[in-house]
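Step one of this worksheet: look at the structure below.
Values below: all heavy atoms of this structure, side chains included; hydrogens, waters and symmetry mates excluded. Letters A, B, ... mirror the listed sequences (proteins, then strands); counts begin at 1.
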Number of protein chains: 2
Amino acid sequence: MPRRKSETAAAARGRPRAYDAEAALKQATETFWRTGYSGTPLDKIAAATGMSPPSLYAAFGNKHALYLEALARYWEMTQAATREALAGDRPLAEALMLAYEAAMSFYFSRKGSARGCFVIGTAVAEAVEDAEIRKSVAGGLRMLDADFEARLRTARERGELKQDADPAALAVLASATMHTIAIRARAGARLPELREIARKATSVICGCPVEAD
Amino acid sequence: MPRRKSETAAAARGRPRAYDAEAALKQATETFWRTGYSGTPLDKIAAATGMSPPSLYAAFGNKHALYLEALARYWEMTQAATREALAGDRPLAEALMLAYEAAMSFYFSRKGSARGCFVIGTAVAEAVEDAEIRKSVAGGLRMLDADFEARLRTARERGELKQDADPAALAVLASATMHTIAIRARAGARLPELREIARKATSVICGCPVEAD
DNA sequence: TTATATTTATAGCAATCGTTATAAAAAACA
DNA sequence: TGTTTTTTATAACGATTGCTATAAATATAA
């Protein structure tokens, strides 16, 4: 069972590959995103990527492996965006709002239609019965928790929070705010409503009013 | 297309029904809960309820209608449990913790295995493409938001919160805490961890430490 | 009894599921 | 030019999908 061949090979021997695995993975992700893992037949993936089923299997193994790869990529994107938002010398409230804005920019597609969070919308459903998906979800949640907590700990050191503030407790709420936004986006909430939720949550977490952008 | 027949009929005419529609709905809910809507074939529902497919269709219409009914019942249970927790003269922190405890008692089955929230775990996945499910999810979320906000407004009136506290903002966090617990339960988090999350969140929302139970 | 009404169990429908066998197509190597 | 290697497209595999036609089973009513 050969998986994807070396991608950096200079000159392969046989018929050249007609697809771009990277682009195909993105298209597959978009498709799973809308209709979920169980709800997405493989021929929809084939149609979306323009790949034939055999090529799909040669490139990614099977449906499950393809989904796991999409999920892993999504977590990478999420963590990168979150860390970038929380990094630097921005004030705490600004950093949190930036993290939520980054997430929301994922939750609404180019066309503006809401699809919510890929993890909350597709992976969480499978997590109970699928140990690999569950592990990925749990790990991703832990990463986000840790990033928020680190930023809040820094905030207390910098004097942005009162000295008796509990960074771990505030991190729970920072994560929870991300999660509630993710859920609501999938349930059809509009962007302004979500922004308002982010603003209110941030103001409580930071202990200071956050002006509307 | 006849749906369920009059349930209170004194003496029906033909062969007596061999199933209890109420019990069957519960069994169906349990099954959907684990494997989701798209991931649960109808014959698993048939096996779980002990009903034959034709009886299932006579009683509930079709798979989609059966799921919608299960979802509606779940929301009723959730709201009833939440309102009972938030009602009465309990201190705010106690009321919130009771609401979270009630939710968590749903998220762990009798056998102790985690299955998380029925809505977050199964309905949210379908909500993007299914307008009826989306409507139910959005409505349920609004109900919970309203119940939390009402309780927090009362808390401020009672002097449990500072006069400049923002009940709407705190309600966002109270709902968000429920949501993050629901997600984490589905991702395999254990009960003590979730209790600690509820405790930390409640302490920030109420502005006072909440002792471990 | 017989007729009527309703539910049951069995079996099967066409459609779709994830996956793969097969062979033609397109490249490098000899 | 062939030979070899890899990917392609087509088609199909058995299993499963949501759903239903059919007829036997079981009740009341005449």
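Screening residues 91-120 of chain A for ring-ring contact (aromatic ring centres under 6.0 Å, His included) gives Trp33(A)-Phe118(A), Tyr67(A)-Phe118(A), Tyr74(A)-Phe118(A) as the qualifying pairs, with residues at least two apart or on separate chains. Residue pairs satisfying the side-chain hydrogen bond (donor to acceptor under 3.5 Å, both in side chains) criterion with at least one member in residues 168-184 of chain B, sequence neighbours excluded, are listed as follows: Asp145(A)-Arg184(B), His179(A)-Thr180(B), Thr180(A)-His179(B), Asp145(B)-Ser175(B), Thr180(B)-Arg184(B). Listed by first and then second residue, the salt bridge (charged side-chain N to carboxylate O under 4.0 Å, His left out) pairs involving residues 78-89 of chain B are Arg83(B)-Asp147(B), Asp89(B)-Arg158(B) (not counting sequence neighbours).
Residues satisfying the side chain to side chain contact (heavy atoms under 4.5 Å, CB included) criterion with Lys200(B), sequence neighbours excluded, are Ala168(A), Ala169(A), Val172(A), Glu196(B). Under the rule for a side-chain hydrogen bond (donor to acceptor under 3.5 Å, both in side chains), the partners of Asp130(A) that lie at least two apart in sequence or sit in another chain are His64(A). In terms of the side chain to side chain contact (heavy atoms under 4.5 Å, CB included) criterion, residue partners of Leu98(A) (sequence neighbours excluded) are, by chain and number, Ala85(A), Arg90(A). Evaluation of the side-chain hydrogen bond (donor to acceptor under 3.5 Å, both in side chains) rule for Arg151(B) yields Glu160(B) as partners, not counting sequence neighbours.
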Filtered N/O pairs between nucleotides 1-4 of chain D and protein, under 3.5 Å:
unit_1	atom_1	unit_2	atom_2	d
dT4(D)	O2	Arg13(A)	NH1	3.2

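Between the C1' atom of dG18(D) and the CG atom of Leu66(B) lies a distance of 13 Å, rounded to the nearest Å. Computed from coordinates, the Tyr19(B) OH to dA27(D) P distance equals 16 Å when rounded to whole Å. To the nearest angstrom, P of dT17(D) lies 11 Å from CD1 of Ile45(B). Taking atom CZ on Phe60(A) and atom P on dG18(C), their separation rounds to 16 Å, with Å as the unit. As a whole-Å value, the separation of Leu56(B) CG from dC19(D) C1' is 11 Å.
With respect to the salt-bridge test (charged N to carboxylate O, under 4.0 angstrom), the residues Arg134(A) and Glu129(A) do not qualify. Using a 4.0 Å cut-off between charged side-chain N and carboxylate O, Glu22(A) and Lys26(A) make no salt bridge.
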Walk along nucleotides 19-25 of chain C from 5' to 3' and tag each nucleotide B, S or - by protein heavy-atom contact under 4.0 Å, base first, then sugar-phosphate.
BBB---B
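Toward the 5' end of DNA chain D, the nearer of the two residues Thr40(B) and Pro16(A), judged by each one's closest nucleotide, is Pro16(A).
Not one side-chain nitrogen or oxygen of Ser52(A) sits closer than 4.0 Å to the OP1 or OP2 atom of dT8(D). An OP1 or OP2 oxygen of dT7(D) is reached within less than 4.0 angstrom by no side-chain nitrogen or oxygen of Ser55(A).
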